[in-house]
K.L.:
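Structure below; questions to follow.
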2 protein chains.
Amino acid sequence: MSKRVGIRDVAAAAGVSLTTVSHALSGAGQLSDATRERVRSVAADLNYAPNRLASGLRSKRSQIIGFVSDEISTTPYAGRVLLGAQEAAAKNDWVLMIVNTSADPRFEGRSIEALLQHRVDGIIYARMYHQTVAVPEALVGVPTVLLDASTGNDHISSVVPDEEGAARTAVEHLIAAGHRRIGYLSNVDDIPATRGRLDGYRATLRAHGIEVDETLITASDSTTASARAAAALLLDRSDRPTALFCFNDRIAMGAYQAAQTRGLRIPDDLSIVSIDNFEILADAMLPGLDSVALPHYEMGQWAIERLALELQADGDDDDAPAPQQIRMHCPLVTRQSVGPPPH
Amino acid sequence: MSKRVGIRDVAAAAGVSLTTVSHALSGAGQLSDATRERVRSVAADLNYAPNRLASGLRSKRSQIIGFVSDEISTTPYAGRVLLGAQEAAAKNDWVLMIVNTSADPRFEGRSIEALLQHRVDGIIYARMYHQTVAVPEALVGVPTVLLDASTGNDHISSVVPDEEGAARTAVEHLIAAGHRRIGYLSNVDDIPATRGRLDGYRATLRAHGIEVDETLITASDSTTASARAAAALLLDRSDRPTALFCFNDRIAMGAYQAAQTRGLRIPDDLSIVSIDNFEILADAMLPGLDSVALPHYEMGQWAIERLALELQADGDDDDAPAPQQIRMHCPLVTRQSVGPPPH
DNA sequence: CTGAAAGCGCTAACAA
DNA sequence: TTGTTAGCGCTTTCAG
């Protein structure tokens, strides 16, 4: 760690001025290819690395993106979101500064303040499951993209999963296998996913000429234990459904357990499909669970790329791209939990 | 976002010099309580917030800690580690800059380089499961703490779970319930956890006067499907064990499935305990799985606090604290998978 | 095409 | 106890 080499060392070694070095390295200015190359190779030889604090201070671009999320800690999806965001960020030579607010508004406020003090170039305001949110006061004027969250107004870009589409994909998977009596294990929280998936379920049945039997719809909270009980209600009926669509994988696990307790084999006696594709669960279940994947990685990636776009046009007020609200496609991942209905 | 207020605005408004403001806010220097208070209240009124790029550039302290990890994305534990680290960091007025290297050395090198360019004050070099690592060349001279990782030399602080202790806790839990024939479903990877837990298993049996029956030990990779087969080997014996200790929760899930296939009830016919306490799984399994928790949150917290300690004494070469290598205790979380052996 | 000079907003010597 | 003065290492006008 002998004294870090600075731009002036490079200038001295290359026999040019500070300006020339700066231009050569950043690509700005009009330099002859010869000098540019020479400066670059000298810099590389000296193992020069810029001090981002200094360049950020001067240029007003820190190359840092703030990532504000509610509960990175308690959800297993966070990793994929983060990875997507981070890999996209690296392509832009950005680095992520991440804060977990634990859904505590006070802590959220302080966290955003901290990010702003570090002069982040923009912020990804993320939720770990699809929610409608109010963007915090502190973020007005800061380039922001919402991830797995949306808000009433359309002044801000956002990306969420296409909940209705996900439900449609799942239900059509069952219909394609020949099922007509399809139960739905919904959840009870008043969130976009609940409404979207339920709407998608109903709409898809109707679109295929299947009448919606409201008694085939139950709801529980998203724990396996509660889902077990909800599934039992449907499976104990004499006219039980031949297939179950589950709000998410944890609920599907409850359905598996209820089926097992009753001696029903999956998929021979009962087909099951759900949404999440939470691999640790879906792969581990016996048989493997067919599940529609939520595009966590892709949402993370999209959010950063969108922010890049909006940041690029920053300053030029005119050609600033209009904010975009995206509902992202959710692909089906098949394993072994769906088969034809028993005759 | 009217032009951000700077330290000079505060100085002007308070009728003092820049220095005085700086001192008042940072707590340095010798100011009368009166001026200090006045400056602070003026700063608060103006909504002043320091520019960390500027202060970092000058003071050589960015207040950023780099967090380098192998696979945040693919492990569900990452969240807890991150949360522990982050909450501890916030207490020190630090913020975390996180990079996921996907275990790719090239990408790791570039990521560390990026962190260093941003002049992070220190680095947490983390793994998502206990590993022995070689600390990258680029980190020599940078204050670093290893998290869930250890290295040969003792010049660097590190924290890992006490693998042997965790196994002891698990096995003693079974012994306390009355079991003497206890099988072990190990895993096949050559990692510290594999060796530590196996050693702990053997040592604990011996300590309780139980002879180790090597035929009661099997190994599989850490997927539920493989574990199913490994468990079958033990459960199909006429003298099958009355209890199974499993390397981790996913393997335990395989054991559950093997038991279920054979009509063995848990815990009546077979008791099961494992290590991980991966809640989404352990809570969802039927019955709930007794599992020894890995102290993810606590390791994250410890790593940051340790770094704080070492950073504080930085510069003063003499009173620099000696590096510390910690093996952290792993507490048992009981649910319903352990009972007395069948008679 | 290249260089000199002026700061970005703050902190740390040093004076007063 | 407070103020003055130099920079931290870089980018960016603006001249040559």
Side-chain angles (χ1 to χ4, degrees), chain A residues 1-40 42-43 46-64 93 114 116-121 315, chain B residues 1-40 42-43 46-64 93 114 116-121 315:
Chain A
M1 273 259 111
S2 54
K3 199 165 166 307
R4 266 194 103 88
V5 339
I7 200 176
R8 61 205 325 139
D9 301 304
V10 178
V16 294
S17 75
L18 297 187
T19 318
T20 306
V21 175
S22 178
H23 284 173
L25 296 177
S26 71
Q30 312 282 306
L31 295 197
S32 68
D33 287 352
T35 31
R36 169 157 292 151
E37 258 328 298
R38 191 158 48 81
V39 170
R40 285 195 172 161
V42 170
L46 292 184
N47 232 309
Y48 166 77
N51 180 334
R52 302 267 181 181
L53 293 174
S55 66
L57 175 60
R58 182 65 239 243
S59 69
K60 308 218 169 291
R61 289 240 157 171
S62 63
Q63 309 282 78
I64 305 172
D93 202 15
L116 261 23
Q117 289 185 7
H118 283 280
R119 295 298 185 270
V120 294
D121 292 334
Chain B
M1 274 261 113
S2 54
K3 199 164 166 309
R4 267 195 101 90
V5 339
I7 201 175
R8 60 206 324 141
D9 301 305
V10 178
V16 295
S17 76
L18 296 188
T19 319
T20 306
V21 176
S22 178
H23 284 172
L25 296 177
S26 72
Q30 313 282 307
L31 296 197
S32 69
D33 287 353
T35 30
R36 169 157 291 149
E37 259 326 299
R38 190 157 49 82
V39 170
R40 286 196 170 160
V42 169
L46 293 183
N47 233 307
Y48 167 77
N51 180 334
R52 303 269 182 177
L53 293 174
S55 68
L57 175 59
R58 182 65 239 241
S59 68
K60 309 221 169 291
R61 290 241 157 170
S62 63
Q63 308 282 79
I64 304 173
D93 202 16
L116 260 24
Q117 289 186 7
H118 283 280
R119 295 297 186 269
V120 294
D121 292 333

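Naming: A, B, ... by sequence-line order, numbering from 1 per chain. These numbers come from a predicted model, not from an experiment.
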K.L.:
Quick one: is B:S22 getting a side-chain N or O under 4.0 Å of the C:dT11 phosphate, OP1 or OP2?
P.N.:
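It does, given that an N or O in the side chain of B:S22 lies less than 4.0 Å from OP1 or OP2 of C:dT11.
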
K.L.:
For a quick test of reading the model, state the closest non-hydrogen atom pair linking B:V39 to B:V21 and the distance between them.
P.N.:
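In terms of heavy atoms, the two residues are closest at CG1-CA, 3.9 Å.
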
K.L.:
Tell me which residues in residues 47-56 of chain B put a heavy atom below 4.0 Å from DNA chain C, sorted by number, or none.
P.N.:
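Close to the strand are B:Y48, B:P50, B:N51, B:A54, B:S55.
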
K.L.:
What's the CD-P distance between A:Q117 and C:dG9, to the nearest Å?
P.N.:
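Answer to the nearest Å: 15 Å.
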
K.L.:
Over how many whole Å does the gap from B:H23 atom NE2 to C:dA13 atom P extend?
P.N.:
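In whole Å, C:dA13 P and B:H23 NE2 are 10 Å from each other.
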
K.L.:
Taking CG from B:L57 and P from C:dT11, how many angstroms apart are they, rounded to a whole number?
P.N.:
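Result: 11 Å.
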
K.L.:
Looking at residues at least two apart in the chain, or sitting in another chain, which of them share a side-chain contact (heavy atoms from CB on, under 4.5 Å) with B:T35?
P.N.:
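Once residues adjacent in sequence are excluded, the partners of B:T35 under the side-chain contact (heavy atoms from CB on, under 4.5 Å) criterion are B:L31, B:S32, B:R38.
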
K.L.:
Within the pair A:T20 and C:dT2, is there a side-chain N or O less than 4.0 Å away from OP1 or OP2?
P.N.:
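For A:T20, the contact criterion (side-chain N or O under 4.0 Å from OP1 or OP2 of C:dT2) is not met.
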
K.L.:
How would you list, by chain and number, every residue that makes a side-chain contact (heavy atoms from CB on, under 4.5 Å) with B:L18, sequence neighbours excluded?
P.N.:
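side-chain contact (heavy atoms from CB on, under 4.5 Å) check on B:L18 returns B:I7, B:R8, B:A11.
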
K.L.:
For C:dT11 and B:K60 - does any side-chain N or O of the residue sit under 4.0 Å from the phosphate oxygens OP1/OP2?
P.N.:
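Negative; the distance criterion is not met.
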
K.L.:
Take atom CG of B:L46 and atom C1' of C:dG9, then tell me their distance rounded to the nearest Å.
P.N.:
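My rounded result for the distance is 16 Å.
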
K.L.:
Given axes from five pairs at either end, by how many degrees does the helix from C:dC1-D:dG16 to C:dA16-D:dT1 bend, rounded to 10°?
P.N.:
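Terminal axis comparison yields 40°.
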
K.L.:
As an exercise, state the distance from CG of B:L53 to OG of B:S62, rounded to the nearest 0.5 Å.
P.N.:
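Answer rounded to 0.5 Å: 9.5 Å.
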
K.L.:
The criterion is side-chain contact (heavy atoms from CB on, under 4.5 Å); which residues satisfy it with B:A12, sequence neighbours excluded?
P.N.:
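side-chain contact (heavy atoms from CB on, under 4.5 Å) check on B:A12 returns nothing, list empty.
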
K.L.:
Output all residues satisfying side chain to side chain donor-acceptor pair (under 3.5 Å) with B:D93, sequence neighbours left out; order by chain, then residue number.
P.N.:
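Result, side chain to side chain donor-acceptor pair (under 3.5 Å) vs B:D93: B:R52.
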
K.L.:
Using atom types as modelled and distance alone, determine if a side-chain donor or acceptor of A:R61 lies under 3.5 Å from a backbone N or O of A:D121.
P.N.:
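Absent.
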
K.L.:
Within this structure, what is the CZ-to-P distance between B:R8 and C:dC8, rounded to whole angstrom?
P.N.:
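So the two atoms are 7 Å apart, to the nearest Å.
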
K.L.:
Which protein N or O atoms sit under 3.5 Å from an N or O of nucleotides 4-7 of chain C?
P.N.:
| residue | atom | partner | partner atom | Å |
| --- | --- | --- | --- | --- |
| C:dA4 | N7 | A:T19 | OG1 | 3.2 |
| C:dA4 | N6 | A:T19 | OG1 | 2.6 |
| C:dG7 | N2 | A:R58 | NH1 | 3.3 |
| C:dG7 | N3 | A:R58 | NH1 | 3.4 |

K.L.:
Applying side chain to side chain contact (heavy atoms under 4.5 Å, CB included), run through A:N51 and B:R119 and close with a yes or a no.
P.N.:
CA-CA 7 Å; A:N51 180 334; B:R119 295 297 186 269; 3.6 Å; yes

K.L.:
Which residues satisfy the side-chain contact (heavy atoms from CB on, under 4.5 Å) test with B:A43, sequence neighbours excluded?
P.N.:
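B:A43 satisfies side-chain contact (heavy atoms from CB on, under 4.5 Å) with B:V10, B:L25, B:Y48 once adjacent residues are dropped.
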
K.L.:
Measure CG/A:L25 against P/D:dT11 and give the value in whole Å, please.
P.N.:
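Taking atom P of D:dT11 as the reference, CG of A:L25 is at 8 Å.
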
K.L.:
Rounded to the nearest Å, what distance is computed from the CD atom of residue B:Q63 to the P atom of nucleotide C:dG9?
P.N.:
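Value for this atom pair: 19 Å.
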
K.L.:
Can you list the residues that meet the side chain to side chain donor-acceptor pair (under 3.5 Å) rule with B:S17, with sequence neighbours excluded?
P.N.:
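If we apply the side chain to side chain donor-acceptor pair (under 3.5 Å) test to B:S17, skipping adjacent residues, the hits are B:T20.
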
K.L.:
Can you list everything that forms a side chain to side chain donor-acceptor pair (under 3.5 Å) with B:Q63? Sequence neighbours excluded, please.
P.N.:
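Checked B:Q63 against side chain to side chain donor-acceptor pair (under 3.5 Å); zero matches.
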
K.L.:
Closest nucleotide of DNA chain D for A:S59 versus for B:G15: which of these residues is on the 5' side?
P.N.:
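The 5'-side residue here is B:G15.
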
